[in-house]
Amino acid sequence: MAASVKTLMKLFFFALILISFAVSPAMSTAPEECEAESTNPCVNKAKALPLKIISIVAILVTSMIGVSAPLFSRYVSFLHPDGNIFTIVKAFASGIILGTSFMHVLPDSFEMLSSECLEDDPWHKFPFTGFVAMLSALITLAIDSLATSFYSSKNANPMITRGHSHGHGVTLTNKDDGSSQLLRYRVVAMVLELGIIVHSVVIGLSLGATNDTCTIKGLIAALCFHQMFEGMGLGGCILQAEYTNVKKLVMAFFFAVTTPFGIVLGIALSSVYRDDSPTALITVGLLNACSAGLLIYMALVDLLAAEFMGPKLQGSIKLQIKCFFAALLGCGGMSILAKWA
């Protein structure tokens with residue numbers, strides 16, 4: 001079942017990349033003003049490289065701390081997964097993911113796909129960002145639903161019991177409600193990691209490719225904060241999925257290294273990669289729209305709604321209010337960071 005979900009997600013991800021690369025050169029040419037060299041005094045390649053190296057180390061460390069913290073919470077009494085504090089922290093981290101989607105990823109996609117460096121037809125005549133984000137959310141829903149249905153039908157365990165009223169009653173029940181809930185956690189963890197990885201590579205690529213020292217300095221602090229708390233949200237999902245220690249380590253590792261990998265890739269491509277080239281604008285813009293739709297769906301449906309409608313929060317109005325304000329604080333934090341990143 002896990003292999004089937006991963007295969008679906010990989011096909012979806014690679015299809016989008018192929019489409020974006022195929023569409024971008026065919027549908028856009030850059031105006032002359034977009035081909036001109038930048039006259040920004042902050043652009044200095046020699047000074048930018050040390051800052052990029054610092055950003056790789058800083059983001060790697062903070063990402064690892066963020067995603068690993070929930071995995072070790074079982075050993076800290078006040079942060080135990082069954083405790084109220086952990087639930088509040090999870091709501092805060094879910095707010096971070098929701099805020100990232102609406103305040104960072106989606107606006108970046110709108111800005112890129114409406115750039116003056118793209119031709120008026122079709123990019124300025126159709127809202128591609130909203131369209132792709134909508135499709136991404138619906139496809140995420142389909143993957144989420146189909147994976148759950150596939151697993152449920154595969155693992156159903158008919159139990160025969162004798163009825164009283166007619167003497168030949170047969171009742172079919174599922175093997176274990178707990179296994180169904182565990183599956184939901186695993187699907188959520190895998191799909192959420194996919195969306196975060198796409199977004200992380202994209203922001204890493206942008207940081208690695210730019211030589212604007214003024215931009216890089218602000219981005220380092222903002223991305224460290226962003227990656228740490230986004231990692232906490234993902235780490236909480238990985239913990240609930242009850243994977244083996246090896247799988248937990250692999251998922252945490254991939255989250256931690258994706259942004260540094262994007263930065264390294266951006267450094268390697270900095271001589272040929274241009275933020276305002278049509279190919280870069282369309283490819284990154286479509287990937288951001290796809291990531292935004294996926295993350296919005298996951299944050300609202302599988303993280304916040306699932307938690308708030310669950311028995312734990314439904315049984316405590318006080319805890320609901322605390323979690324609501326924690327989620328609001330997470331969204332607010334990412335909204336403030338939108339000024340710099």
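Contact check for Arg184 versus Asp144: side-chain heavy atoms found under the 4.5 Å cut-off. With a 4.5 Å cut-off on side-chain heavy atoms, Leu281 and Cys117 count as touching. You'll find the side chain of Ile203 stays beyond 4.5 Å of the side chain of Leu207, heavy atoms only. Between Pro122 and Phe128 the shortest side-chain heavy-atom distance falls below 4.5 Å. With a 4.5 Å cut-off on side-chain heavy atoms, Met298 and Ile196 do not count as touching.
In the displayed structure, Gln314 atom CD is contacted under 6.0 Å by more than 12 heavy atoms of other residues, nucleotides or ligands. No more than 12 heavy atoms of other residues, nucleotides or ligands shown are found within 6.0 angstrom of CZ on Phe325. Within 6.0 Å of the CZ atom in Phe261, the count of heavy atoms belonging to other residues, nucleotides or ligands does not exceed 12. Heavy atoms from other residues, nucleotides or ligands lying under 6.0 Å from CZ of Phe126 number more than 12. The 12-atom threshold is exceeded at NZ of Lys312, counting heavy atoms of other residues, nucleotides or ligands nearer than 6.0 Å.
Both Leu234 and Tyr243 sit in one connected hydrophobic cluster of ILVMFWY residues. Membership requires side-chain heavy atoms under 4.5 Å apart, directly or through other members. Transitive grouping of hydrophobic side chains (ILVMFWY, heavy atoms separated by less than 4.5 Å) brings Ile282 and Met134 into a common cluster. Taking hydrophobic clusters as Ile, Leu, Val, Met, Phe, Trp and Tyr residues chained together by side-chain heavy-atom distances below 4.5 Å, Val105 does not share a cluster with Met228. Residues Tyr185 and Val301 fall into different hydrophobic clusters, defined by Ile, Leu, Val, Met, Phe, Trp and Tyr side chains chained together at heavy-atom separations under 4.5 Å. When hydrophobic clusters are built by joining Ile, Leu, Val, Met, Phe, Trp and Tyr residues whose side-chain heavy atoms come closer than 4.5 Å, directly or via intermediates, Leu138 is grouped together with Val188.
No side-chain donor-acceptor contact under 3.5 Å links Ser145 to the backbone of Leu141. Of the possible polar contacts, none joining the Ser109 side chain to the Asn288 backbone as a donor-acceptor pair under 3.5 Å is found. Looking only at distances, a side-chain donor or acceptor of Thr87 sits under 3.5 Å from a matching main-chain atom of Gly83. Remark: the backbone N or O of Leu287 is not paired with any side-chain donor or acceptor of Ser291 at under 3.5 angstrom. When atom types are taken as modelled, the side chain of Thr258 and the backbone of Phe255 share a donor-acceptor pair closer than 3.5 angstrom. The closest donor-acceptor contact from the side chain of Thr140 to the backbone of Ser136 lies under 3.5 Å.
Taken from CG in Leu106 to OG1 in Thr129, the straight-line distance is 6.5 Å, to the nearest 0.5 Å. Rounded to the nearest 0.5 Å, atoms CD1 (Ile296) and CZ (Phe102) are 4.0 Å apart. Between the NE2 atom in His124 and the CG atom in Leu118 there is a gap of 5.5 Å [rounded to 0.5 Å]. For the atom pair Ile139 CD1 and Leu135 CG, the distance stands at 5.5 Å (nearest 0.5 Å). Atom CD1 of Ile53 is separated from atom CG of Leu49 by 4.5 Å, given to the nearest 0.5 angstrom. Between the OH atom of Tyr297 and the CD1 atom of Ile143 there is a distance of 10.0 Å, given to the nearest 0.5 Å.
Taking the six-membered ring for Trp and thresholds of 30 and 60 degrees, Phe229 and Phe225 have ring planes inclined between 30 and 60 degrees apart. Using cut-offs of 30° and 60° for the angle between ring planes, the His104 and His226 rings count as tilted.
Ser200 and Glu230 make their closest contact through OG-OE1, 4.4 Å (heavy atoms, listed as atom of the first residue, atom of the second, distance). For Ala299 against Ser94, the heavy-atom pair with the smallest separation is CB-O, 4.2 Å. Here the shortest heavy-atom pairing between Met103 and Ser335 reads CG-OG, 3.5 Å. The two residues Ile216 and Ala48 come nearest to each other via the heavy atoms CD1-CB, 3.9 Å. Closest approach of Ser101 and Leu295 over heavy atoms only: OG-CB, 3.1 Å. Among all heavy-atom pairs drawn from Pro70 and Gly66, the shortest one is CD-O, 3.2 Å.
Screening residues 52-64 for side chain to side chain donor-acceptor pair (under 3.5 Å), with sequence neighbours left out, gives Lys52-Asn211.
Residues meeting the salt bridge (Lys or Arg N to Asp or Glu O under 4.0 Å) test with Glu307, sequence neighbours left out: Lys90.
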Stepwise side chain to side chain contact (heavy atoms under 4.5 Å, CB included) check, Phe86 with Leu239: CA-CA 11 Å; Phe86 183 80; Leu239 178 66; 3.8 Å; yes
Verdict with reasoning, Met251 to Leu71, per side chain to side chain contact (heavy atoms under 4.5 Å, CB included): CA-CA 11 Å; Met251 292 183 76; Leu71 303 181; over 6 Å; no
Derivation and outcome, side chain to side chain contact (heavy atoms under 4.5 Å, CB included), residues His199 and Leu294: CA-CA 10 Å; His199 168 56; Leu294 190 155; over 6 Å; no
Steps toward side chain to side chain contact (heavy atoms under 4.5 Å, CB included) verdict (Leu313, Cys323): CA-CA 9 Å; Leu313 290 190; Cys323 287; 3.8 Å; yes
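Of the residues Val257, Thr259, Ile54, the one that meets the side-chain contact (heavy atoms from CB on, under 4.5 Å) test with Ile59 is Thr259. Considering Val187, Val191, Ile97, Leu192 as possible partners of Cys237, the one that fulfils the side-chain contact (heavy atoms from CB on, under 4.5 Å) test is Leu192.
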